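Data block below; observations after.
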Number of protein chains: 2
Amino acid sequence: MTEIENITIGSVLKRMRKSLKYSQEELAFKSGLDRTYISMLERNVKQPTITTIFLLSDAMNMKPSEFVQLLEVEFEGYIIKRTTI
Amino acid sequence: MTEIENITIGSVLKRMRKSLKYSQEELAFKSGLDRTYISMLERNVKQPTITTIFLLSDAMNMKPSEFVQLLEVEFEGYIIKRTTI
DNA sequence: CTGTGACTAATAGTCCGTT
DNA sequence: GAACGGACTATTAGTCACA
């Protein structure tokens with residue numbers, strides 16, 4: 001049982017982006033997001049909203065649910081610890 | 001082509017919660033989120049982060065990707081309009 | 001091409017309550 | 001049971017200059 005505070009998308013995003021051979025800049029352009037923000041997401045500095053997930057998924061020609069499914073695999077069995085509980 | 005600014009989860013969340021016969025308060029407790037925040041999500045006042053999606057999905061015994069798939073259906077063909085582009 | 005710090009504006013999310 | 005409000009704090013959105 002591993003406790004985490006947030007779901008982050010860094011490794012999944014980076015893997016998918018690289019598999020498409022996109023630079024962060026290209027992905028930024030296609031998604032309409034800022035390049036440095038993409039960088040932060042990949043370094044797990046920021047945690048995206050669901051809208052951002054949709055934008056990124058669309059830009060990478062995949063369904064948001066497919067993207068989220070990759071996150072599920074990564075965080076399988078993890079417990080999200082709410083500090084405010 | 002319908003343009004929207006954000007992905008909101010109100011109708012999907014409300015439908016899933018009701019199908020489980022949970023009150024907003026029960027769902028709040030199970031997910032570790034605030035009752036009034038659940039209310040705002042259902043009224044599309046607020047837009048959740050991916051972590052919140054995971055928390056809500058877990059509380060409703062479904063996979064986050066399943067939840068997102070329901071959102072996909074709802075927002076099929078919609079264009080997310082970034083005001084900052 | 002990417003990481004990073006600094007920054008402001010906006011939103012996420014909580015907690016008190018009333019209708 | 002749920003909508004709604006205000007006030008509040010924490011975190012994200014989004015951009016910039018620079019390494």
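Predicted, not measured: the structure shown is a model, and the values here were computed from it. Order of the sequence lines sets the chain letters (A, B, ...), proteins ahead of strands, with each chain counted from 1.
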### Task
Hey, could you give me the OG/CG distance between Ser39(A) and Leu13(A), rounded to the nearest 0.5 Å?
10.0 Å

### Summary
Here the distance between atom P of dA12(C) and atom CD1 of Ile50(A), to the nearest Å, is 12 Å

#### Entry: Rounded distance (Å) that lies between atom C1' of dT12(D) and atom CG of Leu56(A)
14 Å

### Message
Under 4.0 Å from OP1 or OP2 of dA12(C): is there any side-chain N or O of Thr49(A) that close?
### Response
no

### Summary
Nearest heavy-atom approach of Glu72(A) to Glu66(B) is OE2-N, 4.4 Å

### Message
For a quick test of reading the model: is some side-chain N or O of Thr52(B) closer than 4.0 Å to OP1 or OP2 of dA12(C)?
### Response
no

#### Entry: Minimum side-chain heavy-atom gap Leu70(B)-Met16(B) below 4.5 Å
yes

### Message
Can you tell me if Glu74(B) has over 12 outside heavy atoms packed within less than 6.0 Å of its CD?
### Response
yes

### Task
Specify the closest pair of heavy atoms between Lys46(A) and Leu41(A), including all atoms of both residues, with the distance to one decimal.
O-CD2, 3.5 Å

### Gap between atoms CG and P, on Asp34(B) and dT14(C) respectively (whole Å)
5 Å

### Summary
Atom CG of Leu55(B) and atom C1' of dG13(C) are separated, to the nearest Å, by 12 Å

### Task
May I have the distance from Lys46(B) (atom NZ) to dA3(D) (atom P), rounded to whole angstrom?
15 Å

### salt_bridge(Glu42(A), Arg17(A)) N-O dist < 4.0 Å
yes

### Task
Using atom CD1 of Ile80(B) as one end and atom P of dG14(D) as the other, report the distance to the nearest whole Å.
11 Å

### Query
So what does Gln47(B) touch, heavy atoms closer than 4.0 Å: a base, only the sugar-phosphate, or nothing?
sugar-phosphate

### Message
Counting the atoms with a prime plus P, OP1 and OP2 as sugar-phosphate, which does Ile38(A) contact under 4.0 Å by heavy atoms, base, sugar-phosphate, or nothing?
### Response
nothing

### Message
Distance check needed: dT11(D) P versus Leu33(B) CG, whole Å only.
### Response
14 Å

### Pi-cation contact, Tyr22(B) with Lys30(B) (under 6.0 Å, within 45°)
yes

### Query
Near DNA chain C, which residues from residues 13-26 of chain A have a heavy atom under 4.0 Å away?
Lys14(A), Arg17(A), Ser23(A), Gln24(A), Glu25(A)

Please tabulate, one pair per line, each protein N/O and nucleotide N/O from nucleotides 4-10 of chain D that are separated by under 3.5 Å, including the distance.
unit_1, atom_1, unit_2, atom_2, d
dC4(D), OP2, Arg43(B), NH1, 3.2

### Task
Please round to the nearest 0.5 Å and tell me the distance separating atom CD of Glu76(A) and atom CG of Leu71(A).
12.5 Å

#### Entry: Approximate separation, where rounding is to 0.5 Å, of Gln24(A) CD and Thr36(A) OG1
9.5 Å

### Query
Within this structure, what is the CG-to-P distance between Asn44(A) and dT11(D), rounded to whole angstrom?
16 Å

